[in-house]
Protein chains: 2
Amino acid sequence: MARACGVHVSTVSRTFSAPHLVNPETRTRVLAEAERLGYRPNRAARALTTGRTHNIGLIVADIANPFFPPLIKAAQAHARLRDYHVFVADTDEDPRVEEELIQTFSKQVDGVLLCSPRLSNRAIDRLRRDVPFVVVNRPVRGLPAVLMDVADGARQAVGHLTSLGHRELALLTGPSGSWNSGLIQEAAERAAAEAGARLTALGPNAPTEQGGLLAAPEVLAAGATGVLAYNDLMAIGLLEGLEERGVAVPGDVSVVGFDDIMQGRLARPKLTTVAMPTVAAGRTAVDMLLQQVGAEEAGPSVTSLQTTLVVRESTAAPARLPR
Amino acid sequence: MARACGVHVSTVSRTFSAPHLVNPETRTRVLAEAERLGYRPNRAARALTTGRTHNIGLIVADIANPFFPPLIKAAQAHARLRDYHVFVADTDEDPRVEEELIQTFSKQVDGVLLCSPRLSNRAIDRLRRDVPFVVVNRPVRGLPAVLMDVADGARQAVGHLTSLGHRELALLTGPSGSWNSGLIQEAAERAAAEAGARLTALGPNAPTEQGGLLAAPEVLAAGATGVLAYNDLMAIGLLEGLEERGVAVPGDVSVVGFDDIMQGRLARPKLTTVAMPTVAAGRTAVDMLLQQVGAEEAGPSVTSLQTTLVVRESTAAPARLPR
DNA sequence: CTGAAAGCGCTAACAC
DNA sequence: GTGTTAGCGCTTTCAG
């Protein structure tokens with residue numbers, strides 16, 4: 001390629017990495033030749049000298065969890081505009097796989113987006129020496145993060161339920177490793193107390209339909225008329241469990257989920273839920289990562305994104321107020 | 001690292017890429033040192049000399065389409081076991097983005113999995129010079145492919161409907177660029193004819209809920225009592241459209257989809273659908289790609305996977321047989 | 001079995 | 001503005 005247009009390789013190199021340093025004439029000639037030959041600089045080789053791979057890693061617990069695809073998609077599209085590619089990997093909810101993935105990624109990417117990591121703080125602290133991180137959906141001391149304000153979401157959800165007249169609430173908590181579950185619980189308890197309602201925490205539960213399905217008896221046993229589930233999948237499972245037992249939603253019991261996944265709109269009744277700004281989160285995370293690796297100007301090191309309650313059909317006033 | 005254990009770099013190299021060529025003692029020493037220092041060979045640099053990146057690209061039209069995540073997940077897990085990483089990219093249904101993605105991937109991966117590509121045969125033929133392909137969900141002359149037998153799926157679906165007593169069928173076709181849509185239509189028409197039923201093809205429609213929703217009036221106008229939709233998303237949209245118009249499913253009209261995505265189980269009534277072997281497809285595609293790039297033994301160059309009808313609640317005998 | 005040397009495709013610092 | 005040189009981290013002959 002270098003000799004095909006009768007110049008030195010470094011001139012070709014400059015044409016692509018610093019076009020302004022090369023004579024416009026030569027430049028167009030090189031570009032034309034590149035076009036003809038279908039030449040494109042080899043990014044891997046480039047990475048060897050520059051130290052920038054122009055790749056970023058994106059690690060999620062489960063691609064098949066409908067919460068993630070919109071986030072992945074947004075991150076990816078956003079990265080592409082900045083000439084970055086995204087490696088997506090799925091840990092299958094296994095912290096060991098997560099660690100292994102981070103290590104194998106470390107030399108191939110400029111940084112890693114860790115979405116809802118299951119790894120311990122200690123492990124993360126150790127691994128951050130290998131590669132820059134941005135954590136999504138969980139605060140880790142000293143690490144840039146993009147958070148979604150689930151605590152406020154929980155407040156909104158509890159507020160909605162109490163203002164409807166519910167006084168006996170239940171919270172279906174998530175997996176014990178989940179940071180958000182704790183935040184939700186704390187905020188929900190406070191909001192319930194302020195409204196003079198009682199809130200029973202039930203869990204931990206698997207963040208799946210199955211998890212919600214299995215929790216149905218406990219919800220009934222707790223005598224709750226309004227329930228908050230850790231995520232939509234769990235809420236949907238609960239809807240099924242309640243239906244099986246002949247409990248009407250929202251007639252007898254109101255249900256609120258988190259995430260606003262598409263499935264919630266499909267469920268009957270349509271699920272009331274706390275919508276998460278996943279698209280914004282994906283974009284912001286990419287921006288923050290690129291800032292950190294010096295490809296962009298620096299911004300805040302922790303971003304918190306708002307959540308919003310979406311009221312649909314699974315919530316209503318309780319049939320009879322608790323005695 | 002080389003000098004840390006007092007040997008030459010080439011010995012370190014051999015320890016990782018050809019362990020049997022090195023003295024067991026030295027090997028363990030090197031390995032121990034690597035462990036201590038957290039050293040791992042730089043895959044990008046290795047790729048420079050070997051020509052093998054140990055990465056594969058996976059290109060889909062839309063990550064957020066629930067059909068793909070299980071496939072991606074399976075491909076990824078399968079590749080990982082073979083020491084391969086997967087770059088996932090989303091084209092946003094845009095052929096130009098698809099082409100660009102392939103080109104940027106080409107030097108960074110050993111091969112590309114093209115899932116339901118929107119690119120023209122010509123373009124694919126041109127691009128295959130840049131990088132090995134395996135195409136999923138569409139036959140391309142001269143290229144290895146993994147196909148899912150949608151034609152047979154269509155036959156099963158039509159058979160199910162006709163044996164239930166339906167004689168007036170409608171088919172909601174997919175986007176005009178979709179290969180599968182043509183296959184489905186052909187097979188459905190043949191099967192309908194054989195069973196003495198009439199089948200009206202309606203379309204093209206967007207492969208989304210919206211597409212199905214908009215098609216509801218046409219379905220009714222066609223007087224069909226049994227309808228086949230290009231995919232589950234479209235079928236679900238149709239369910240909604242029908243409900244809005246007070247048409248009972250399956251009382252008045254029966255609906256069958258394709259894909260067996262999770263949403264189908266959530267819809268009310270639960271959707272009867274043709275299940276696609278996405279997990280097997282993801283694995284097979286990875287195997288075929290690795291075979292092609294010489295990392296594994298050669299197998300067949302086109303694999304066809306079976307589909308199976310899953311009967312749920314959206315199909316039943318027609319209320320009254322057509323006159 | 002191990003060391004030496006060349007080179008993968010590119011960029012960066014320095015001359016000219 | 002462009003050529004020269006060195007070197008990124010690794011593998012791979014080829015000697016020894």
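So that the names make sense, note that chain A is the first sequence line, chain B the second, and so on, each numbered from 1.
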Electrostatic pair [X]-[Y], nearest N-O below 4.0 angstrom:
X	Y	result
B/Glu93	B/Arg118	yes
B/Lys107	B/Asp130	no
A/Arg82	A/Asp287	yes

Quiz item: 5'-most contact on DNA chain D: A/Pro24 or A/His8, nearest heavy atom basis?
Solution: A/Pro24
Practice problem: Taking atom P in both D/dT5 and C/dA6, compute the distance separating them and give it to the nearest angstrom. | Solution: 16 Å
Quiz prompt | A/Tyr84/A/His78 aromatic ring centres below 6.0 Å | solution = no
Quiz item: Over how many whole Å does the gap from B/Asn42 atom CG to D/dC8 atom C1' extend?
Solution: 9 Å
Quiz item: Could you give the CZ-to-P distance, from B/Arg14 to D/dT13, as a whole number of Å?
Solution: 11 Å
Quiz item: When you check the phosphate oxygens OP1 and OP2 of D/dG3, does a side-chain N or O of A/Thr11 lie under 4.0 Å from one of them?
Solution: yes
Quiz prompt | 5'-most by nearest nucleotide on DNA chain C - B/Leu48 or B/Arg29 | solution = B/Arg29
Practice problem: Can you figure out which of D/dG1, D/dG9, D/dT5 approaches the side chain of A/Thr26 most closely? | Solution: D/dG1
Exercise. Would you mind telling me which of D/dC8, D/dT11, D/dG1 lies closest to the side-chain atoms of A/Thr49?
Key: D/dC8
Quiz item: What is the 5' to 3' range of DNA chain C, first to last nucleotide, that sits under 4.0 Å from any heavy atom of chain A?
Solution: C/dG9 to C/dA13
Exercise. Whenever both distances are under 3.5 Å in a Watson-Crick or G-U wobble pair, mark it; put DNA chain D into dot-bracket that way, with [ ] for crossing pairs and | when the partner is on another strand.
Key: ||||.|||||||||||
